[in-house]
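Note on naming: letters A, B, ... go to the chains in the order of the sequence lines (proteins, then strands), and numbering restarts at 1 for each one. What you see below is based on every heavy atom in this structure, not just the backbone, and it leaves out hydrogens, waters and symmetry mates.
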2 protein chains.
Amino acid sequence: MPFLRERLRCHLRGTRYPCRYPALGRGSRTVWFEGKHVVTAQYSEEAVSRRPRAPRRPTIADIAERAGVSAGAVSYALNGRPGVSEETRARVIEVARQVGWTPNNAARALTGVGVATVGMVVTRAASVLGVEPFFMSFIAGIEEVLAEKDFALLLQVAPFADKELDTYQRWWSGRRVDGVFVVDLRVNDPRVARLTELGLPAVVVGDPKYAGSLPSVWSDDASAVWEAARHLAALGHRRIAHVSGPEHLVHTGVRSAAFRDSGRELGIEVVQLYTDYSLEAGTAAAATLLADPAAPTALVFDNDLMAVAAVHVAREMGLRVPEDVSILAWDDSPLCRLTSPPLSAMSRDVAAYGASAARLLLAAIAGERAGSMRSSVPHLIDRGSLAPANPGAPLT
Amino acid sequence: MPFLRERLRCHLRGTRYPCRYPALGRGSRTVWFEGKHVVTAQYSEEAVSRRPRAPRRPTIADIAERAGVSAGAVSYALNGRPGVSEETRARVIEVARQVGWTPNNAARALTGVGVATVGMVVTRAASVLGVEPFFMSFIAGIEEVLAEKDFALLLQVAPFADKELDTYQRWWSGRRVDGVFVVDLRVNDPRVARLTELGLPAVVVGDPKYAGSLPSVWSDDASAVWEAARHLAALGHRRIAHVSGPEHLVHTGVRSAAFRDSGRELGIEVVQLYTDYSLEAGTAAAATLLADPAAPTALVFDNDLMAVAAVHVAREMGLRVPEDVSILAWDDSPLCRLTSPPLSAMSRDVAAYGASAARLLLAAIAGERAGSMRSSVPHLIDRGSLAPANPGAPLT
DNA sequence: AACACGTGGTGAAGCGCTTAAGTTTGCCAT
DNA sequence: ATGGCAAACTTAAGCGCTTCACCACGTGTT
């Protein structure tokens, strides 16, 4: 009740700040009031400039009044809780619809019921992110599930991993999210420990072995690697290259290990290269590998972008795909159909992968003890970039 | 003070729900309490299962206590407002740091000061989004600016536009965002009207002519089209095709109109095709155009994805690029360097575009009357997919 | 008639923060 | 010594919602 302001507006006089009261500047000011002086303090410009916005949002109090019940009853009614009759519930819901009420998330969050928001931090350089199809498809899959439940996705894209932990912490302590995704899982990932410690519901996208006690979704890369290796072995390849992502990522390790194991088993020599997934890295890797007189007869790339680059490099070097060198991509996207020949790829449904992750996270938020969940195993789609080994071909 | 619960735990007896009190099911229950009966109501399972999480977040009350001042003073101190001495301010800030305090956004939002979050709704099919480099680069640019100010980005990806308005409305009434981006601006876009009406700060990404009174960032597509047209005219092209995006998008209209105008001026016949930006559409468009005996001698695509597809189609049809047909992409991404020949493109710095949008939105949220802001004009980067017209070439 | 018990409510506290309003103290000029 | 004035606080209300605690009343049972 700003009674002082009202009375001042009428009776303000004899002051150095006549009639300017509501627009006082920063700092404290002295004002006379009906003859004697009063002192008022701290009217910052911001406080004054912030005016109520045009249409006032309806609150449950408005609904309560119009429906002739208490605010508590409205809350019970709208949240589908017991405590009101079905008749009252229907009336309340109808009134809410009429006045166009939507819940004020901030207020709900304050009472501790959750903010209907989940978070995800993506750490990749902008140049890679823009081109790599994985994340956008993954996010699209996530949204599909979230939208149903009216959850929102808070996204942070950053070029470096240094602030990641910070971000999670801030989101948690600011109650901005109910749960988070952990993508690009690393070995001994500090995020796993921190999130567990914070008690913030989280879903790890990656191998459960490295997810600690957090629930996880994963795709069985090892099996897929074996499938690829067997296929290549059957085609007579005895020397292949595996151009993978950054070494510190768990799935890089899993795939590399599986390649080593399957190679040993199947009599294939595997050359291992680590990259940052970028187009440039793919180009460089392919160029280096193919320039070698003892070049591998097949190249397997850990994303499709690099594989596409490799097709390009091979052609530049006068090599035919697949006659001279076989190329296999990981993660199928429309890009793979754009090369000639189209790229064979280890394909998986990335959107479905994202959807699974989202479902698991929602379950974790709801308090269910969710375990790990295997998404479909990537399977080989052969489009013609694989052929029998031709060891003599390159650069002879 | 849940005294009842405490005493019940000790004295509960003679009830049908002995010792199960904290785990009562839904609905109301009757319970005896110290001999006489009492009635309790509405203990839902959810309410009971939600237990306080492990580490309690420190609040300003904690800081106030440790710093020996009131909570109000702490608020003034932490927000850099007048009302506390510099000495006290420093002490408070130090204590806050020590206890690891971070603001509770929900609480701040409730008082009306803003939630440090902006929103963006992206309406594209998952299949397109995954591959199209524009959005991820744009978002990366946005984040760069937001991160500095500790703002977060709320993202919604949906395949259809039908719920877009709804989403903005919900975000607004739930106080989930301080402002929003409007991308994929359409002619007579209902979002512009609605956002203006709501008074929700917004930045339109698109031509200011269609942005109403909202601030906007735009790239001068018309000028860029003229540049492209002049270049093609100089190469002797007299019949070109413009394969654009969906007809209802403003920038599609702008580019089409500019192509018509420049074509008339420069003596070029322009064939106009509308697509959904997808790879498939690009393939179909290229195939249709090139199969025509009177095919255009140059194809201009409104994104790079379709242009890449076109190079592929041309090769399949036995046409050489650029000798038989010139191809020009819009929005340069690494994809353009993956074809052979590499694609010439109308290039612009998409990340910088996003960053501008973010800066403008932050200004609008801060209450500054922001106008429109032109981002850099796309400019032609010639990589060799353009050559003098060869009208006789196709399918002769 | 007396009690047991369920239904369908109401009232109010409290989540963490901001800020209008008020108070205390001390300095300085008259 | 007193009034004017400013600095540096404190107090308390209130943002919108959820939920605990409590209760009146009606019905069924003994």
Side-chain angles (χ1 to χ4, degrees), chain A residues 1-5 8 16 22 27-32 36-44 46-48 50 57-64 69-79 81-89 101 103-114 174-175, chain B residues 1-5 14-16 27-32 36-44 46-48 50 57-62 64 68-79 81-89 101 103-113 173-175:
Chain A
M1 222 183 305
F3 87 103
L4 178 56
R5 174 177 298 191
L8 270 170
R16 268 164 62 193
S28 55
R29 292 292 181 274
T30 301
V31 180
W32 284 263
K36 63 190 278 285
H37 99 273
V38 297
V39 187
T40 74
Q42 284 85 33
Y43 291 90
S44 61
E46 294 95 306
V48 169
R50 198 163 43 74
R57 298 156 167 101
T59 71
I60 57 166
D62 300 327
I63 300 175
V69 291
S70 69
V74 172
S75 177
Y76 289 134
L78 293 174
N79 287 302
R81 292 196 129 77
V84 291
S85 64
E86 284 313 309
E87 190 195 326
T88 305
R89 188 187 304 279
W101 178 86
N104 180 323
N105 258 279
R108 307 188 95 221
L110 207 50
T111 68
V113 290
R175 275 222 164 86
Chain B
M1 221 183 304
F3 86 104
L4 178 57
R5 175 177 297 190
T15 155
R16 267 166 62 193
S28 55
R29 292 291 182 273
T30 302
V31 179
W32 285 263
K36 62 190 278 284
H37 99 273
V38 297
V39 186
T40 73
Q42 283 86 32
Y43 291 90
S44 60
E46 294 94 306
V48 169
R50 198 163 41 75
R57 299 157 166 100
T59 71
I60 57 167
D62 300 326
V69 291
S70 70
V74 171
S75 178
Y76 289 133
L78 293 173
N79 288 302
R81 293 195 128 77
V84 291
S85 64
E86 284 313 310
E87 190 196 324
T88 305
R89 188 187 305 279
W101 179 86
N104 181 323
N105 259 279
R108 308 189 95 221
L110 207 50
T111 69
V113 288
S173 45
R175 278 222 162 85

(message) Any base atoms under 4.0 Å from A/Ser85, or only sugar-phosphate, or nothing? Heavy atoms, all strands.
(response) sugar-phosphate
(message) Counting the atoms with a prime plus P, OP1 and OP2 as sugar-phosphate, which does A/Val69 contact under 4.0 Å by heavy atoms, base, sugar-phosphate, or nothing?
(response) sugar-phosphate
(request) Report the nucleotide, chosen from D/dT10, C/dT18, D/dG16, that has the shortest atom-to-atom distance to any side-chain atom of B/Ala73. (result) D/dT10
(request) Grab the CG-P distance between A/Leu78 and D/dC17 for me, whole Å please. (result) 9 Å
(request) For the side chain of A/Trp101, starting at C-beta, report the closest nucleotide among D/dT19, D/dC17, D/dT10. (result) D/dC17
(message) Holding to salt bridge (charged side-chain N to carboxylate O under 4.0 Å, His left out), I want the full list of residues that pass it with A/Glu87, two or more places apart in sequence or in another chain.
(response) none
(message) Can you confirm whether A/Val69 sits close enough to A/Ile63 that some side-chain heavy atom of one is under 4.5 Å from a side-chain heavy atom of the other?
(response) no
(request) Whole angstrom is fine here: how far is it from CZ in A/Arg89 over to P in C/dG9? (result) 10 Å
(message) Less than 4.0 angstrom between a side-chain N/O of B/Arg81 and OP1 or OP2 of C/dT19, yes or no?
(response) yes
(message) Looking at C/dT10, I'd like to know if its phosphate oxygens (OP1 or OP2) sit under 4.0 Å from a side-chain N or O belonging to A/Ser70.
(response) yes
(message) So, does B/Arg108 get its side chain near the phosphate of C/dC17, meaning an N or O under 4.0 Å from OP1 or OP2?
(response) no
(message) So B/Arg57 and B/Asp62, do their side chains get closer than 4.5 Å, heavy atoms only?
(response) no
(request) Estimate the overall bend of the helix from C/dA1-D/dT30 to C/dT30-D/dA1 from the end axes over five pairs each, rounded to 10 degrees. (result) 50°
(message) By nearest heavy atom, map A/Ala71 and B/Ala107 onto DNA chain D; which one lands nearer the 5' end?
(response) B/Ala107
(message) Using heavy-atom distances to pick each residue's nearest nucleotide on DNA chain C, tell me which of A/Glu86 and A/Gly72 is more 5'.
(response) A/Glu86
(request) Calculate the interatomic distance between B/Glu87 atom CD and D/dA7 atom P; express it in whole Å. (result) 16 Å
(request) May I ask you to say what A/Ser75 touches in the nucleic acid, namely base, sugar-phosphate or nothing, with a heavy-atom cut-off under 4.0 Å? (result) base
(message) Could you tell me how far apart A/Asn79 (CG) and D/dC17 (P) are, to the nearest whole angstrom?
(response) 10 Å
(request) Select one nucleotide: of C/dC17, D/dC9, C/dG9, the one nearest the side-chain heavy atoms of B/Thr111. (result) C/dC17
(request) Among the candidates D/dT10, C/dT18, D/dT18, find the nucleotide nearest to the side-chain atoms of B/Ile60. (result) C/dT18
(message) According to side-chain contact (heavy atoms from CB on, under 4.5 Å), who are the partners of B/Asn105, at least two apart in sequence or on a separate chain?
(response) A/Arg176, B/Val115, B/Ala116
(request) Among C/dA20, C/dC17, D/dT19, find the nucleotide with the atom closest to the side chain of B/Tyr76. (result) C/dA20
(message) Measuring from the side chain of A/Leu110 (C-beta onward, heavy atoms only), which nucleotide among D/dG16, C/dT19, D/dT18 has the closest atom?
(response) D/dG16
(message) What's the separation between atom CZ in A/Arg89 and atom CZ in A/Arg81, rounded to the nearest 0.5 Å?
(response) 10.0 Å
(message) If the cut-off is 4.0 Å, is A/Asn104 near the phosphate of D/dC15, judged by side-chain N/O to OP1 or OP2?
(response) no
